Amino acid sequence: MSLDELMRQRREKLAQWRALGIEPYAYRFEPTHHAADLLALGAAVTEAPGETVRVAGRLMAIRGHGKAGFAHLLDGSGRIQLYFRADHLGESFRRYELLDVGDWVGVAGSLFRTRTGEITVRVDAVELLAKALRPLPEKWHGLKDPETRFRQRYADLFMNLEVRETFRRRARLTSAMREFLDARGFLEVETPVLQPLYGGAFARPFVTRHHALDMDLYLRISNELYLKRLIVGGLERVYEFSRDFRNEGMDRSHNPEFTMLEFYQAFADVHEMMDVTEALIAGAVERACGTRQATYQGQILDWTPPWPRISMLDAVSDAVGESVRDLDRARLERVAASRGMAARPGTGAGGLLDELFSVLVQPGLVRPCFVVDYPVELSPLARVKRGHPAVVERFEVFAAGMELSNAFSEQNDPEAQARAFEDQGRRREAGDEEAQQMDHDYVRALEYGMPPTGGVGIGIDRLTMLVCDARSIRDVILFPQLRPEEGRAEIDHEADEETAGRAGRGSAT
RNA sequence: GCGCCGCUAGCUCAAUUGGCAGAGCAACUGACUCUUAAUCAGUAGGUUGAAGGUUCGAUUCCUUCGCGGCGCACCA
């Protein structure tokens with residue numbers, strides 16, 4: 001039957017409710033229990049009716065038997081069976097007959113156990129809370145189509161209950177992190193999403209337009225430089241769950257907007273931040289999963305500290321079978337070439353090392369670990385390693401082959417920071433769109449003096465993937481980015497018209 | 001951006017070499033007062049993602065486009 005016809009039938013029932021003098025979209029209902037509470041209560045129930053209970057939710061199945069009927073009601077806690085009888089409900093049995101799968105109802109009744117043993121509410125009274133005009137997906141196979149699941153996450157959430165669990169886990173993970181940081185004296189802060197300069201990471205930004213100021217603004221790719229300004233201001237320990245935006249490709253581990261936890265601690269270096277990070281993450285994983293040994297795609301990831309600490313120089317040297325610890329560019333280029341990896345022009349020794357690392361080492365980093373000793377040229381915001389000026393005091397956390405976290409002993413020498421920005425500026429001029437922009441105000445802040453500081457960023461979406469055994473970042477973002485359903489051509493057309501209507505500026509790219 | 005795969009009823013899926021587009025569930029009608037993928041009898045439901053082409057005839061073959069999935073590339 002066509003969707004139009006199915007919806008027409010439901011609208012007809014809606015009219016019949018109104019004909020009974022009942023408003024099909026109620027204003028309130030007061031449940032006394034959730035379904036899960038009733039199942040727990042019902043464990044003690046035998047045959048005799050117990051106290052009156054009130055429960056509300058969405059009808060997920062109706063099984064009619066003439067003058068009686070069963071239904072399953074789904075609420076935020078789970079399912080409970082309802083039993084309707086004509087001789088028990090009298091006149092209002094008519095209400096039961098007007099119910100459809102998908103309707104929101106509130107019922108009052110008493111608990112009993114059916115002949116087959118299922119804890120059930122014998123309904124004394126039923127109220128319609130909201131009529132569902134649209135038919136639900138099929139009861140047995142459910143809603144599978146990934147496109148529909150992402151576009152209509154509301155339907156995904158009531159058809160696929162494990163999806164609810166994913167987002168509950170995500171929330172437990174972040175609240176555990178907040179509690180951990182709050183308990184250690186960190187202050188949760190909020191910094192600008194709209195930034196006149198973008199910095200703190202290498203990425204292409206989204207550009208937007210402020211009409212009153214007549215200027216372009218960038219959606220932040222990172223909040224790092226703002227948090228460190230707060231350290232300059234003396235807040236000493238700050239954190240923010242930052243929605244960041246990067247105008248890049250999308251795949252299993254990248255969504256254009258994603259969530260990063262960044263935290264900064266005055267007087268700490270990268271070594272101290274490693275200890276903090278592994279304690280923070282291990283505790284949060286334990287809270288989210290109930291264990292520190294979380295299964296991911298068939299492998300057990302053990303988050304129990306301490307995690308191995310691996311030097312990038314050692315790891316790549318081991319992988320290629322000769323030492324590249326001296327970061328000799330000619331040697332690295334030869335090693336890369338021998339593995340069929342063509343160095344892009346302008347790539348320095350550090351870039352080559354990083355590429356070798358990404359291909360040869362990273363996929364094998366299954367268990368959570370720290371990678372340290374990053375080449376200085378890749379890290380304009382970090383301090384050089386004491387006694388080893390070719391690398392910086394930085395770590396990244398990897399697990400299941402995925403990068404989860406990035407941290408350093410923060411650069412607090414304003415002149416060194418200015419030189420690093422200038423170096424980035426030269427790369428920009430050479431065509432590197434992702435090179436960072438000179439931020440004079442940030443340098444000015446450092447000129448007032450920033451204490452030694454350790455800073456960490458953790459990719460919350462990716463960590464959630466690992467904790468929820470999700471293969472795609474789309475599974476852990478409630479509304480992942482998709483192209484519009486109507487199709488791109490139409491949208492482009494509208495956008496063109498709008499741009500054409502504006503005075504004097506094309507779109508910035 | 002490139003490659004491969006997919007898009008058929010509200011949902012989940014079929015359809016042989018190109019030959020009348022089907023099933024289950026959901027819906028509707030009837031029977032049924034402890035069912036649970038309820039059961040039984042019946043009914044209805046389609047612009048096969050869109051446009052174009054080849055053909056007597058296209059869900060099927062070709063082209064373009066849209067959306068999605070996977071992989072690669074880009075990307076920390």
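Here the structure is a predicted model, which is why all the values come from computation and not from measurement. Computation of the quantities below employed the complete heavy-atom set of this structure, encompassing side-chain atoms and omitting hydrogens, waters and symmetry-equivalent molecules. A, B, ... follow the sequence lines: proteins, then strands. Residue 1 opens every chain.
Straight-line distance between the P atoms of B/C34 and B/G10: roughly 35 Å, to the nearest whole Å. If you take atom P in B/U48 and the same atom in B/A26, they sit 26 Å apart, rounded to whole Å. Taking atom C1' on both nucleotides, B/C61 is separated from B/U17 by 12 Å, rounded to a whole Å. Comparing B/A14 with B/A23, their C1' atoms are spaced 7 Å from each other, to the whole Å.
With hydrogens and angles disregarded, no donor-acceptor distance shorter than 3.5 Å links the side chain of A/Thr120 to the backbone of A/Tyr83.
Of the candidate nucleotides B/U35, B/C75, B/G69, B/C75 has the atom lying nearest to any side-chain atom of A/His254. In the set B/U35, B/C75, B/C70, B/C70 carries the atom at the smallest distance from any side-chain atom of A/Arg252.
Every residue was checked against the ring-ring contact (aromatic ring centres under 6.0 Å, His included) condition with A/Trp17, not counting sequence neighbours, and none meets it. A search for salt bridge (Lys or Arg N to Asp or Glu O under 4.0 Å) contacts involving A/Arg18 returns A/Glu23, not counting sequence neighbours. Remark: A/Tyr218 engages A/Tyr198 in a ring-ring contact (aromatic ring centres under 6.0 Å, His included) (not counting sequence neighbours). Partners of A/Asp475 by salt bridge (Lys or Arg N to Asp or Glu O under 4.0 Å), not counting sequence neighbours: none found. Among residues two or more places apart in sequence or in another chain, the salt bridge (Lys or Arg N to Asp or Glu O under 4.0 Å) test is passed with A/Lys13 by A/Asp100. Residues satisfying the ring-ring contact (aromatic ring centres under 6.0 Å, His included) test with A/Tyr239, not counting sequence neighbours, are none.
Using a 4.0 Å heavy-atom distance criterion, A/Glu248 is classed as a sugar-phosphate-only contact. Across all strands shown, A/Phe84 has no heavy atoms under 4.0 Å from either base or sugar-phosphate atoms. Using a 4.0 Å heavy-atom criterion, one finds that A/His88 contacts no nucleic acid atom at all. Among the heavy atoms of the strands, none lies under 4.0 Å from A/Phe398. Residue A/Glu434 is in sugar-phosphate contact alone, with no base atom involved, counting any heavy-atom pair closer than 4.0 Å across all strands shown. Residue A/Arg134 is classed as having no contact, given no heavy-atom separation below 4.0 Å to the nucleic acid. Across all strands shown, A/Ala201 has no heavy atoms under 4.0 Å from either base or sugar-phosphate atoms. Within the nucleic acid shown, A/Arg151 comes within 4.0 Å of sugar-phosphate atoms alone, with no base atom in reach, counting heavy atoms only.
Of the side-chain N and O atoms in A/Arg63, none sit less than 4.0 angstrom from OP1 or OP2 of B/U35. The phosphate of B/G69 (OP1 or OP2) has a side-chain N or O of A/Arg474 nearer than 4.0 angstrom. Between A/Lys13 and B/C28, a side-chain N or O to OP1/OP2 separation shorter than 4.0 Å is present. A/Arg483 has a side-chain polar atom (N or O) that falls below the 4.0 Å cut-off from OP1 or OP2 of B/C67. Close to B/A37, at under 4.0 Å from its OP1 or OP2, lies no side-chain N or O of A/Lys139.
Among pairs with a residue in residues 361-372 of chain A, none fulfils salt bridge (Lys or Arg N to Asp or Glu O under 4.0 Å), at least two apart in sequence or across chains.
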Q. Dot-bracket, RNA chain B: Watson-Crick or G-U, under 3.5 angstrom, [ ] crossing, | other strand?
A. (((((((..((((.....[..)))).(((((.......))))).....(((((..]....))))))))))))....
Q.
What does the B/S/- profile of nucleotides 4-11 of chain B look like, 5' to 3', with a 4.0 Å heavy-atom cutoff to protein?
A. ------BB
